[in-house]
Asks: 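Please read through the structure below; I'll follow up with questions.
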Amino acid sequence: MKFFIKSIDLPKEKTDCIISGVFECDQLTVSSKNLDNYSNGYISKLIIQGDIGGEIGKTLLLYDVPNIISKRILLIGCGKKSSFNSNSISAILRNSINTLNKRSIKNIIFSFTELNSCNNSTYWFIRKIISCIKKEIFTINTFLKKKVYLHSITFNITDKNFFSSAQIALQHSLAIDLGLTASKKIGNLPPNICNPLYLSLQAKELSNSYKNNISVNIVDINEMRNLGMHAYLAVGSSSKNKPYMSVIRYSRKNIVNKKTIVLVGKGLTFDSGGISLKPSKKMHEMKYDMCGAAAVYGTLIMAAELNLPLNIIGVLAGCENMPGSSAFRPGDILTTMSGKTVEVLDTDAEGRLVLCDVFKYIERFSPDIVIDIATLTGACVAALGHYVTGLFSNNKDLVDNLEKASKETNDKVWRLPLFQEYEKNINSNVADFSNIGSGGAGAITAACFLSQFTKKYHWAHLDIAGTAWESGINKGSTGRPVELLSQFLLNISNYNKY
């Protein structure tokens, strides 16, 4: 699918369909007024007759409109004019894309970006529109199993002063979508295909696709043994699919921000729970336990596509947690790479065991910022549901930057505490720590456990257990938080120049 930014004389433009807006109370957008004037009030008459009232998301497809060269006009209800913003776009586009696709429409012109009054809002409207279009098309392709007919989409920018910001928005949107789609696709793969080796091979492919700024090192089981990553190895000890850790180094010559940013993704390609076996009912969804790694993978694709002036290291912590005679057990005491010991009380609290060794490993890169992304705890789902990602951190500036990116992208996060009082819940009388807490607040005690291994750098933990995938009829990876992480990196690199 191709996207274009143009300034168009709508009535005289030949295309399959023009999309324009109608507000409640019979108010037309600038583009709709223009089309109405050329058609001798044709659109106004339909509104007066009650064919479309402007309710948000409602559509009316018109054919052979007088004096208009375009084959069709699709009018979309935009709700109340006073409350219209970029968040209204989702509701507006959800029905319209399906309406267009049902009629095999190939080329369309979007013409309601004149609602914006500055470069900033033009940028975000374009970003939001493309994001929604891509999401709907992904749904049509993946879940509805239908052909997508849309071939080209043109954005009509009536004020040429906003052309530059629209072009930047288009560039950013397509790069983010490429990473988001890659993350979704790899996250949706079945575990008999996407195992730790497969994940590492996908990472290795990035060095072929982006030879100028990505290199990849794969750490296998033998190297892990030599490094003393015994907690990581314990988790994968009973699976025939051995663990692999992929270290993806992204850099370019002209660095704007010299900080080293490390993104760590939990990559449990399947998590049975091990000896502490999970219930069978939804165990098939544990193929999504690698969505943290998938998010890091997608984010690195975005960075390489845009050639961001940053130093980024992505770690995909691939592993598989299975029961068996060689599996680690409740009661085992593991010595981590840091030398600290952990008493295993629950083998289903395995992600933190993998991550704690990775946190020690990445110290060799002297990172300034470390963000881990992990489907870590069911307790986070209990606390925040499926709409909001849990955020924990040891640094306020890092929290502020992540929250800023969250608000900009509407990829919601909520900060949870790391108070010292919670640390007593992971005390053990036979080791330095236990791998689960003794009381409630499971998401917090899990983050407290991770915090014991991240004191040498600014660190944030994103618990995406509730947001990484959807269940039900549209079951599948959401790709979150690729857009959040992408925006975080864009902001740090000062790449958001409207």
Side-chain angles (χ1 to χ4, degrees), residues 85-87 118-121 123-124 127-128 131 168-169 172 176 179 255-265 292 295-296 298-300 302-303 306 308-314 355 359 362 365-374 376 380 383-384 387-420 422 441 443-444 446-448 450-468 480-498:
N85 56 41
S86 61
N87 292 329
C118 64
N119 281 333
N120 189 328
S121 58
Y123 173 88
W124 284 109
R127 279 273 303 264
K128 188 70 176 179
S131 174
I168 293 170
H172 290 183
I176 292 170
I255 301 298
V256 170
N257 190 318
K258 296 187 181 297
K259 291 181 178 179
T260 298
I261 302 163
V262 179
L263 305 177
V264 177
V296 173
T299 303
L300 266 293
M302 179 283 307
L306 293 179
L308 292 185
L310 299 171
N311 284 321
I312 309 168
I313 297 171
L355 293 175
F359 290 148
I362 62 176
F365 303 122
S366 301
D368 300 282
I369 295 172
V370 175
I371 303 172
D372 79 82
I373 305 95
L376 205 67
C380 195
L384 298 175
Y387 306 106
V388 182
T389 292
L391 167 62
F392 303 83
S393 182
N394 61 12
N395 181 262
K396 185 180 183 303
D397 287 341
L398 180 52
V399 168
D400 290 345
N401 287 330
L402 285 168
E403 288 181 337
K404 179 176 185 288
S406 169
K407 289 175 183 176
E408 289 170 329
T409 59
N410 201 35
D411 193 344
K412 291 182 172 67
V413 299
W414 191 261
R415 190 182 187 184
L416 293 166
L418 280 174
F419 299 146
Q420 193 172 1
Y422 290 107
I444 296 173
C448 281
L450 297 180
S451 72
Q452 308 306 312
F453 302 87
T454 56
K455 297 184 184 297
K456 293 187 177 181
Y457 36 74
H458 294 163
W459 159 77
H461 161 58
L462 295 172
D463 191 332
I464 60 170
T467 57
R480 293 178 67 183
V482 169
E483 190 170 9
L484 166 69
L485 294 170
S486 297
Q487 192 59 44
F488 172 81
L489 296 176
L490 284 169
N491 291 344
I492 285 180
S493 65
N494 197 28
Y495 237 53
N496 273 358
K497 294 178 180 177
Y498 310 120

Asks: Just grab all the salt bridge (charged side-chain N to carboxylate O under 4.0 Å, His left out) pairs involving residues 389-403, residues at least two apart or on different chains.
Replies: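 Passing the test, one end in residues 389-403: K396-D400.
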Asks: If you measure only the distance, is there a donor-acceptor pair under 3.5 Å linking the side chains of D411 and Q487?
Replies: no
Asks: With sequence neighbours excluded, what pairs up with F419 under the side-chain contact (heavy atoms from CB on, under 4.5 Å) test?
Replies: P417, E421, Y422
Asks: Kindly give the heavy-atom pair with the smallest separation between L310 and L489, and that separation in Å.
Replies: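 The answer is CD1-O, 3.7 Å.
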Asks: side-chain hydrogen bond (donor to acceptor under 3.5 Å, both in side chains) with W459: which of D372, T454, N394?
Replies: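 For W459, the side-chain hydrogen bond (donor to acceptor under 3.5 Å, both in side chains) test succeeds with only one of D372, T454, N394, which is D372.
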Asks: List for me each residue that meets side-chain hydrogen bond (donor to acceptor under 3.5 Å, both in side chains) alongside S393, sequence neighbours excluded, and say none if there are none.
Replies: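 With neighbours one apart ignored, the set is empty.
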Asks: Does a side-chain heavy-atom distance below 4.5 Å link L391 with L462?
Replies: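 In contact.
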Asks: Mind checking salt bridge (Lys or Arg N to Asp or Glu O under 4.0 Å) for K407 and listing every partner two or more places apart, or none if nothing turns up?
Replies: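 Not a single residue meets the salt bridge (Lys or Arg N to Asp or Glu O under 4.0 Å) criterion with K407.
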Asks: Considering residues at least two apart in sequence or located in another chain, which fulfil the ring pair (Phe, Tyr, Trp, His ring centres under 6.0 Å) criterion with F392?
Replies: H461
Asks: Which residues satisfy the side-chain hydrogen bond (donor to acceptor under 3.5 Å, both in side chains) test with T389, sequence neighbours excluded?
Replies: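 Testing T389 for side-chain hydrogen bond (donor to acceptor under 3.5 Å, both in side chains), a comparison that skips the adjacent residues, returns T467.
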Asks: Applying side-chain contact (heavy atoms from CB on, under 4.5 Å), can you list everything that pairs with S131, at least two apart in sequence or on another chain?
Replies: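 Applying side-chain contact (heavy atoms from CB on, under 4.5 Å) to S131 gives E483.
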Asks: Looking at residues at least two apart in the chain, or sitting in another chain, which of them share a side-chain hydrogen bond (donor to acceptor under 3.5 Å, both in side chains) with N401?
Replies: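 So N401 forms no side-chain hydrogen bond (donor to acceptor under 3.5 Å, both in side chains) with any residue.
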Asks: Let me confirm one number: the CZ-CD1 distance from F365 to I313, rounded to the nearest 0.5 Å.
Replies: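 Answer for the CZ-CD1 pair, F365 versus I313, is 4.5 Å.
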